[in-house]
Participant: 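Can you keep this structure in mind? I'll have questions shortly.
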Amino acid sequence: MTKQEMKKKLSQRRHFLPLKVHLTNIRGLHSNLDPVHHHLETEKPHLFFLTETQIATPSDVAYLNFPGYTLEHKFKQCAGRLRGFEKSEFPVLWLLVDTGMEKFLYAGVYRSHSGDRETTRLMEYLAETADIALQRYPTGKLVFLGDFNAHHKEWLFPYQKTDHAGREARKLALALNLTQLVDQATRIPDIAGHTPNCLDLLLTTDPHRHSVSVSAPLGSSDHCVVKSVSVCSPPDYTHRGTRRVWRYESADWDEMRAFFASYPWRRLCFTSENPSCVADAITAVIRQGMEYFIPFSDIPLGYKARPWFNADCARAEARKQSAYQAWVKARDRKVRARKVRAKKRAYNAASRSCKRVLRKARFDHISRIGAKLASYPPGSKQFWSLSKSVESNFCRPTLPPLQKPDGSLAHTATEKANLFADLFASNSRLDTGSKHPPTLPHCDSLMPEITVFNKEVRRSLLSLDVNKASGPDGIPARVLRYCAPELAPVLTRLYRLSLKTKIVPKSWKLANVQPVPKKGSRADPSNYRPIAITSVLCKVMERVLNRKLLSYLEDNDLLSDRQYGFRRGRSTGDLLVYVTHCWGEAIENHGEAIAVSLDISKAFDRVWHASLLSKLPAYGIPAGFCNWVADFLSERSIRVVIDGSFSELMAIDAGVPQGSVLSATLFLLHINDLLSSGIVGYADDSTVMEKYLSSAGASGVEVQRMREAMVERTSLTLSNVSQWGDHNLVSFNASKTQACLFSAKRSPFTLSPTFRGTSVPVTDTLQLLGIELSSDLNFGTAIESKAQIAARKLGVLNKVKILHA
């Protein structure tokens, strides 16, 4: 094994190791030195932060040392110490940990029981210093840990009160997009009658990488030890090929349009009656035109672009490399020492100059982004689009190591892709056994057979969003839109052939899937949702068909009026206005309302194809289109793409294709018969609603009787929902089923509806479409939540603010 291979292997092993960081308020290091040393010997943390050591500046600290560890404190210089960030007036120690792949910026904090003014100054100092640190290390992950002595009843571990320090700490977290990870008491008082509190906090910009636990105090301290473990991905040296980047701004669009207009499509592409062959031929011609008339470059996958790296940077690096080679050559040839020293000085000067040029280029790039943000109107689409791009470039990490079913970790991109592919594919497979699909009564209307016209295809091409990603076939929306007049007749002929033969091209049945994190640990693959990217050519056809299908369904009132999702002129706001009006009306009329929010497990991924297809004729949809939809849903496959690496192809046999235009309408038809009286829905989010109206003079007995009747009606509706799920092979997530009573009455509500044999507890809040509603219909919590999101966005934008006027 060569020296380079050994170095690479050692580096890879280093990144497999977890980084263990511990924290405690030791309440006197002198008296608890032996327990601290024992902790270092047995637990072996990489970093151990101690607060309230009660040690003045000693002349000799050797007695505090422990073998294998270096003691750092406020009056000693160290290699990883960011001493330039520290101020003597604030008890904060800054530390940089560079793993070679990632940088962690640790701030050890101790907030004494000082006044409100000093607390505010400390938090302002932390925010300002963190801002400076992130400008110097844009990809660094912030970690604030220490004894904050803060109380906040809504944010920290449950308190009965909120103090000034708690409010200031929360403002700091919002401004820097920090998440507080300690969720249990860390101070166990040794005085009878004192309540345990969570005073020792750990806040980070990368919460999903950290696993935090709390263990017993050391020695005579009354503070627990907070333990954090963060796992870093090892470098992935697997070969990933190249990625083609098209230079659209330099494309010759006129020549490309002329090429497509004169190409003999009919003679060379439509020689077969098989839509799959025709689609592949058309795709090849479009790709050929792109290669002729659009400049491109093939960039190695995994290459991290430096958008700020300009010609000056390239020249500075070349001068540095040339000076280095000259010094090495002079040294190896054993020329005069004076000449070697001169070459070394020249190299040092070139190295310093290169560093200045690179720093200036990156600063200028960030300043340009800040200036562009300032030029956009606040809240505009351009403002938030650039903001999202900045967030992705500066603070969004790659996927952390993922937990496999056997307990091991997936580190490389290929391992992660295959792990996700197995999971997503299993979510889209159903074992139907001998189950027969349900049947619905036929409606009185009949949809005419669908015909695709050239003007419809052209209109769909011209409305494409050029910023959308290309599908697996590599055909971008930009080319289809800019060449719409020339390509519309060709695609119209292809779409008509597909409808005539009831065959969907095979290349359109493949989807590239990108995992997107949901709530919860990012190390758990189940906490990701699949976002599928399908062929743009297929989406254009789907858009034409979907427009005709929706028009027919809306014109004939075939969709439930209680369905608000995926419909023109309806939104989440409309549904929220409707339900809050109903609940508010009940309260105003001295009554009450109850709502049960249902959650369908993998709603879109596990649609039973046979059930969906059996319902289409009942809505008057013609047989030809039903057969085309059946082929559209059959024999589909997915592959997951992570950091340029592809998983193996995975076949699926259930669900409506995510990333598809037609899937939304198909799902509405699948769930349409569920939305009866007493149920409203937005796509797969269904809510059961019941209420009663009363009078101001109603007795307690009358109120109880009306409550029992309301809960009985709710349970009956839930029973119907359960039966619908059994008939359609739809499972409901009982753990996410919520019930809430909307009432102004003070008498306790002791009843609860029943769903699938389980009592659903009634709570004071309800999560509906991302909004938390309280039982008194107060929107304060929802407004505060939106304010938090805005504050986090501002925390991201702080990273690109201009440092100098």
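In what follows, residues are counted from 1 in the order of the sequence shown.
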Participant: Hey, could you give me the CG/OG distance between L751 and S759, rounded to the nearest 0.5 Å?
Facilitator: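 Here the rounded value is 9.5 Å.
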
Participant: Okay, side chain of S221, backbone of P217: is any donor-acceptor separation there less than 3.5 Å?
Facilitator: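 Such a contact is absent between S221 side chain and P217 backbone.
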
Participant: T119 and D116: side-chain donor and acceptor closer than 3.5 Å?
Facilitator: no

Participant: Scan E592, E588, E585 and name whichever one has a salt bridge (charged side-chain N to carboxylate O under 4.0 Å, His left out) with K691.
Facilitator: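 Looking at E592, E588, E585, the match for K691 under the salt bridge (charged side-chain N to carboxylate O under 4.0 Å, His left out) is E585.
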
Participant: I want to check something: taking the side chain as every heavy atom from C-beta on, are V703 and F749 in contact at a cut-off of under 4.5 Å?
Facilitator: no

Participant: Is the closest basic N to carboxylate O distance between D147 and R27 below 4.0 Å?
Facilitator: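 Answer for the salt bridge query: no.
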
Participant: For a quick check under 3.5 Å, do Q738 and D599 share a side-chain donor-acceptor pair by atom type?
Facilitator: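 The answer is no; no qualifying pair exists.
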
Participant: Do you know the tightest heavy-atom contact between L145 and F148?
Facilitator: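 Between these two residues, the closest heavy atoms are C-CE1, 4.2 Å.
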
Participant: Of all heavy-atom pairs between F144 and V109, which one has the smallest distance, and what is that distance?
Facilitator: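 The pair with the smallest heavy-atom distance is CD2-CG2, 4.3 Å.
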
Participant: Just wondering, more than 12 heavy atoms not from K153 lying within 6.0 Å of its NZ?
Facilitator: no

Participant: Minimum heavy-atom separation for Q180 and L202, please, with both atom names.
Facilitator: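 Where Q180 meets L202 most closely, the heavy atoms are OE1-N, 3.3 Å.
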
Participant: If we only count heavy atoms from C-beta on, is the L558 to S445 side-chain gap below 4.5 Å?
Facilitator: yes

Participant: Looking only at non-hydrogen atoms, find the nearest pair between R562 and Y578 and report the distance.
Facilitator: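 That would be NH1-OH, 4.0 Å.
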
Participant: Mind checking side-chain contact (heavy atoms from CB on, under 4.5 Å) for T572 and listing every partner two or more places apart, or none if nothing turns up?
Facilitator: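 T572 satisfies side-chain contact (heavy atoms from CB on, under 4.5 Å) with Y682, L769 once adjacent residues are dropped.
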
Participant: Side-chain contact, heavy-atom cut-off 4.5 Å: H670 with V730?
Facilitator: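 Yes; the side chains approach each other to less than 4.5 Å.
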
Participant: Within a 6.0 Å radius of atom CG on D444, are there more than 12 heavy atoms belonging to other residues, nucleotides or ligands?
Facilitator: no

Participant: Taking the side chain as everything from C-beta on, heavy atoms only, tell me whether S686 gets closer than 4.5 Å to I671.
Facilitator: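 They are in side-chain contact.
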
Participant: Donor-acceptor pair, distance only, cut-off 3.5 Å: does the side chain of S211 make one with the backbone of V229?
Facilitator: no

Participant: Side chain of S428, backbone of D605: donor and acceptor closer than 3.5 Å?
Facilitator: yes

Participant: CG of D764: more than 12 outside heavy atoms within 6.0 angstrom?
Facilitator: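 Open.
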
Participant: Run the salt bridge (charged side-chain N to carboxylate O under 4.0 Å, His left out) check on D561 and R567 step by step: do they pass?
Facilitator: CA-CA 10 Å; D561 192 52; R567 299 180 67 180; 5.3 Å; no

Participant: Look only at the side chain of H727 and the backbone of P437, and say whether a donor-acceptor pair between them is shorter than 3.5 Å.
Facilitator: no

Participant: For residues P515 and F424, determine if any side-chain heavy atom of one lies less than 4.5 Å from a side-chain heavy atom of the other.
Facilitator: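 Side chain of P515 against side chain of F424, heavy atoms only: contact under 4.5 Å found.
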
Participant: Output yes when a side-chain donor or acceptor of S752 lies under 3.5 Å from a complementary backbone atom of V762, and no otherwise.
Facilitator: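 Flag not set: sc S752 to bb V762 has no pair under 3.5 Å.
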
Participant: For the residue pair T179 / H210, report whether a side-chain donor-acceptor contact shorter than 3.5 Å exists.
Facilitator: no

Participant: Evaluate salt bridge (charged side-chain N to carboxylate O under 4.0 Å, His left out) for E118 paired with R121, printing each intermediate quantity in order.
Facilitator: CA-CA 5 Å; E118 291 302 313; R121 290 184 64 245; 3.1 Å; yes

Participant: Mind checking whether L553 and L669 have side chains closer than 4.5 Å, heavy atoms only?
Facilitator: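 Contact flag for L553/L669 side chains = yes.
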
Participant: Tell me if the CG atom of D555 is crowded by more than 12 foreign heavy atoms within 6.0 Å.
Facilitator: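 Counting other residues, nucleotides and ligands, CG of D555 exceeds 12 neighbours.
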
Participant: Take N149 and D163 through the test side chain to side chain contact (heavy atoms under 4.5 Å, CB included) and record every step on the way to the result.
Facilitator: CA-CA 10 Å; N149 283 309; D163 60 12; over 6 Å; no

Participant: Hey, is the main chain of A683 close enough, under 3.5 Å, to the side chain of Q563 for a donor-acceptor pair?
Facilitator: yes

Participant: Restricting to non-hydrogen atoms, name the atom on C582 and the atom on M689 that form the minimum distance, rounded to 0.1 Å.
Facilitator: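 Of all heavy-atom pairs spanning C582 and M689, the closest is CB-CE, 3.9 Å.
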
Participant: Minimum heavy-atom separation for T24 and C224, please, with both atom names.
Facilitator: OG1-O, 3.0 Å

Participant: Would you give the length of the straight line joining atom CZ of R187 to atom NE2 of H223, rounded to the nearest 0.5 angstrom?
Facilitator: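 Between R187 CZ and H223 NE2, I get 5.5 Å after rounding to 0.5 Å.
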
Participant: Do N728 and K615 have side-chain atoms, one donor and one acceptor, less than 3.5 Å apart?
Facilitator: yes

Participant: How long is the straight-line distance from CZ of R429 back to CZ of R606, given to the nearest 0.5 Å?
Facilitator: 10.5 Å

Participant: Taking K745 for the side chain and I587 for the main chain, is one N or O donor matched with an acceptor at less than 3.5 Å?
Facilitator: no

Participant: What's the verdict on side chain to side chain donor-acceptor pair (under 3.5 Å) for H164 and T120, showing C-alpha distance, side-chain angles and the deciding distance?
Facilitator: CA-CA 9 Å; H164 179 75; T120 301; 2.8 Å; yes

Participant: Start with the C-alpha distance between S747 and R707, add both sets of side-chain angles, then the distance that settles side chain to side chain donor-acceptor pair (under 3.5 Å), and finish with yes or no.
Facilitator: CA-CA 11 Å; S747 56; R707 282 178 168 179; 3.2 Å; yes

Participant: Just by modelled atom types, is the L142 backbone N or O under 3.5 Å from a matching donor or acceptor in the T205 side chain?
Facilitator: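 Indeed, once roles are kept as given, a pair shorter than 3.5 Å links the two residues.
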
Participant: Side-chain contact test, heavy atoms from C-beta onward, threshold under 4.5 Å: evaluate it for D685 versus L575 and give yes or no.
Facilitator: no

Participant: Among all residues two or more places apart in sequence or in another chain, which pass the side-chain contact (heavy atoms from CB on, under 4.5 Å) test with T432?
Facilitator: L430, W608, L729

Participant: Applying side chain to side chain contact (heavy atoms under 4.5 Å, CB included), run through F755 and V721 and close with a yes or a no.
Facilitator: CA-CA 9 Å; F755 182 49; V721 169; 4.2 Å; yes

Participant: Go through F667 and F566 one step at a time and tell me if the ring pair (Phe, Tyr, Trp, His ring centres under 6.0 Å) criterion holds.
Facilitator: CA-CA 10 Å; F667 183 81; F566 306 133; 7.3 Å; no

Participant: Does T754 use its side chain to pair, donor to acceptor, with the backbone of S715 at less than 3.5 Å?
Facilitator: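 No, T754 side chain to S715 backbone: no donor-acceptor pair under 3.5 Å.
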
Participant: Going through the checks in order, is the side chain to side chain donor-acceptor pair (under 3.5 Å) test met by S571 and D574?
Facilitator: CA-CA 5 Å; S571 66; D574 295 322; 3.3 Å; yes

Participant: Is Q184 atom CD crowded by more than 12 heavy atoms from other residues, nucleotides or ligands, each under 6.0 Å away?
Facilitator: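 Correct, the count exceeds 12.
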
Participant: When you measure from the side chain of N672 to the backbone N and O of S560, does any donor-acceptor pair fall under 3.5 Å?
Facilitator: yes

Participant: Are the side chains of L559 and L550 in touch, meaning some heavy atoms are under 4.5 Å apart?
Facilitator: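 A side-chain contact exists here, since the closest heavy-atom pair is under 4.5 Å.
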
Participant: Go through it in stages, so that I can follow the logic: the residues are E702 and R705, the test is salt bridge (charged side-chain N to carboxylate O under 4.0 Å, His left out), and I'd like the CA-CA distance, side-chain angles, deciding distance and then a yes or no.
Facilitator: CA-CA 5 Å; E702 291 176 321; R705 177 181 55 80; 5.1 Å; no

